[in-house]
Amino acid sequence: MATTEQIKEFGIVGAGGAGFPTYVKLGSETEIFIVNAAECEPLLHKDKELLRLKSEIFYKGLVTCLDLTAAQRCIIGVKAKYTDLITHLKETNPAPDRIEIMGLRDFYPVGDEITLIYETTGRVVAPRALPSSQGVIVNNVETIYNIGLGTPLVTKFITVGGDVQQPVSVEVPIGMPFREVIALAHPNLKGADLAHMEEDFAVIVGGPMMGKLATSLDEPVTKTTGGLLVFAKDHPLIQRFETAAQEKRVKRIGKSACDQCSICSELCPRHLLGHPVEPHKAMRNLMFSSFAEGIDQTLAILPHTLACAECNLCTLVSCPEGLYPAQVTIASKKQAMAAKATLDAANEDNAHPLIDYRRTPVKKIMTRLALDRFQNKGALSAFALHPKQLTIRTSQHIGAPATPMVTTGDKVTRYQKIASVGDKLGAEIHSPVDGQITAVNDREIVIAPFA
């Protein structure tokens with residue numbers, strides 16, 4: 001069984017979020033250990049594929065997690081509609097007396113850590129509090145798989161989907177350029193066609209709800225890259241993402257059209273859990289502020305925005321006017337954090353009485369965002385990979401950046417440690433291949449793989 005020290009040495013971090021170092025989570029005992037297998041954003045499938053095809057390694061990692069945390073109960077939360085997968089998990093379950101497979105409803109964001117805890121246990125985590133406050137630890141499928149693998153973390157599972165010839169889930173070396181990963185979903189395109197992809201297409205890194213637009217297809221895969229979703233630049237989702245990034249335009253649109261219907265708050269996942277966040281009040285705050293070209297009066301501090309989970313549901317689905325309450329709320333949240341505001345968490349343990357009726361079905365999101373025109377699948381497929389170079393970022397995790405341990409010209413082997421955080425919070429970094437270091441700086445290490 002792996003120890004927390006080994007998990008730290010292997011550089012394992014949360015594969016489905018911001019990259020929190022896993023050894024820290026597993027260094028405490030807990031009552032309930034929850035596996036986040038919800039994969040609630042549309043078009044993403046790599047976690048389900050791991051559970052389906054690599055369940056033995058996954059379960060090995062899960063038993064390690066349970067032993068390290070002394071959890072009295074374990075729940076694997078997976079959507080109930082995946083009946084074949086649930087049957088498979090039950091048939092391969094090595095410890096049915098310790099591990100329960102629980103079917104989840106098909107809504108967004110059931111994979112949000114705090115929402116998942118409520119759905120599986122009925123417990124409400126207070127705003128800004130950690131799951132440990134309710135005796136719970138949550139980890140996602142790929143992170144647990146990486147623990148079961150028992151080697152340094154050097155590869156990443158990614159779903160490539162959207163406007164591609166063949167959606168796939170793939171395992172690729174960390175540091176591989178997006179361009180080469182996306183090419184795996186275009187078996188019939190020639191190199192020249194792929195080289196011009198950026199002219200007509202945009203790529204969302206992550207899911208269609210909480211992902212970010214890639215700035216370049218030369219960006220490298222990191223330990224937290226979970227999806228690469230390709231869309232034509234005139235697709236409505238891309239247009240929404242591009243507008244959301246324009247702060248002045250977001251404010252102008254909000255001031256011109258918000259009628260304070262409050263639907264953004266009524267359907268907010270955290271508001272439904274009794275958290276005090278209310279996006280419509282952030283919009284109201286915007287409406288009564290002074291704003292003109294070149295003049296932006298500081299808005300009032302809104303501590304309730306600290307409870308925002310940044311799920312983007314209010315902007316992309318809930319608002320009937322197509323406004324941007326998520327971006328306004330997030331901006332207010334940043335302002336409240338800068339002012340070191342505190343949150344009034346009154347009634348934090350009281351979920352909304354209509355919570356079961358106000359969840360947002362994934363099918364509705366697919367339709368609203370024009371995602372239902374794409375193939376919603378992504379079978380795990382194997383490819384012969386020959387990347388020309390890998391760019392390994394020294395910061396792919398929460399905590400301190402890793403300090404390079406190699407210099408230009410050094411030869412490295414697969415699994416060799418090439419950067420370290422020492423005793424600081426963070427993650428060690430290892431080489432995914434046998435190769436030679438061609439460039440090193442504080443931000444990245446470039447490796448040319450040997451043929």
Can you sort out the partners of Glu31 under side chain to side chain contact (heavy atoms under 4.5 Å, CB included), two or more places apart, ordered by chain and number?
Gln72, Arg123
Regarding Thr155 and Glu171, is there a side-chain donor-to-acceptor distance under 3.5 Å anywhere?
yes
Output, in order, the C-alpha distance, side-chain angles, deciding distance and verdict of side chain to side chain contact (heavy atoms under 4.5 Å, CB included) for Ile174 and Leu390.
CA-CA 7 Å; Ile174 291 168; Leu390 302 178; over 6 Å; no
Ignoring hydrogens and geometry, is there a side-chain-to-backbone donor-acceptor pair from Thr30 to Gly135 under 3.5 Å?
yes
Exam field: side chain His271 to backbone Glu266, donor-acceptor pair closer than 3.5 Å
no
Within the 4.5 Å heavy-atom criterion, are Leu104 and Thr120 side-chain neighbours or not?
yes
All heavy atoms of Asp434 vs all of Arg414, minimum pair found to be OD1-N, 2.7 Å
Within the structure provided, determine whether Leu385 and Val172 are in side-chain contact (heavy-atom separation under 4.5 Å).
yes
So, are Glu49 and Arg52 salt-bridged, with charged N and O less than 4.0 Å apart?
yes
For Thr69 and Cys65, which heavy atoms make the closest approach, and how far apart are they?
OG1-O, 2.8 Å
Polar side-chain atom of His397 near backbone of Ala400 as donor-acceptor pair, under 3.5 Å
yes
Does the distance from a Lys or Arg side-chain N to an Asp or Glu carboxylate O, for Glu39 and Lys79, drop under 4.0 Å?
no
Ile86 and Lys90, any side-chain heavy atoms less than 4.5 Å apart
yes
Please list all pairs passing the ring pair (Phe, Tyr, Trp, His ring centres under 6.0 Å) test where one or both residues lie in residues 115-148, with sequence neighbours left out.
Tyr145-Phe157
Should Asp84 and Lys48 be marked as a salt bridge (Lys or Arg N to Asp or Glu O under 4.0 Å) after you check the CA-CA gap, both sets of side-chain angles, and the distance that decides it?
CA-CA 11 Å; Asp84 291 347; Lys48 294 188 292 294; over 6 Å; no
Under the ring pair (Phe, Tyr, Trp, His ring centres under 6.0 Å) definition, can you give me all pairs with a residue in residues 23-60, not counting sequence neighbours?
none
Side-chain ion pair, Lys233 and Glu242, N-O less than 4.0 Å:
no
side-chain hydrogen bond (donor to acceptor under 3.5 Å, both in side chains) involving Ser265 - partner list, sequence neighbours excluded
His280
Between the side chain of Lys223 and the main-chain N/O of Leu153, is any donor-acceptor distance below 3.5 Å?
no
Within 6.0 Å of NZ in Lys363, more than 12 heavy atoms from elsewhere
no
Just by distance, do the side chain of Ser169 and the backbone of Ala379 share a donor-acceptor pair under 3.5 Å?
no
What residues form a ring pair (Phe, Tyr, Trp, His ring centres under 6.0 Å) with Phe231, not counting sequence neighbours?
His235, Phe374
Whether the side chain of Arg393 engages the backbone of Glu444 through a donor-acceptor N/O pair (distance < 3.5 Å, no angle test) should be reported.
no
May I ask you to say whether Lys417 pairs ionically with Glu9, meaning some side-chain N is under 4.0 Å from a carboxylate O?
yes
Is a side-chain donor-acceptor pair under 3.5 Å present for Asn312 with Gln327?
yes
Quick check: are there more than 12 heavy atoms from other residues, nucleotides or ligands sitting under 6.0 Å from NZ of Lys333?
yes
If you count heavy atoms of other groups shown closer than 6.0 angstrom to NZ of Lys424, is the number above 12?
no
Report, as yes or no, whether the 6.0 Å neighbourhood of atom NZ on Lys281 holds more than 12 heavy atoms from other residues, nucleotides or ligands.
no
Rounded to the nearest 0.5 Å, what separation is found between the CG atom of Asn146 and the OG1 atom of Thr151?
7.5 Å
Exam field: side chain Glu180 to backbone Pro177, donor-acceptor pair closer than 3.5 Å:
no
State whether the side chain of Gln396 and the backbone N or O of Gly19 hold a donor-acceptor pair below 3.5 Å, judged by distance alone.
no
Is there any salt bridge (Lys or Arg N to Asp or Glu O under 4.0 Å) pair reaching into residues 157-170, and which pairs are they, with sequence neighbours excluded?
none
Arg359 and Glu119 ion-paired at < 4.0 Å
yes
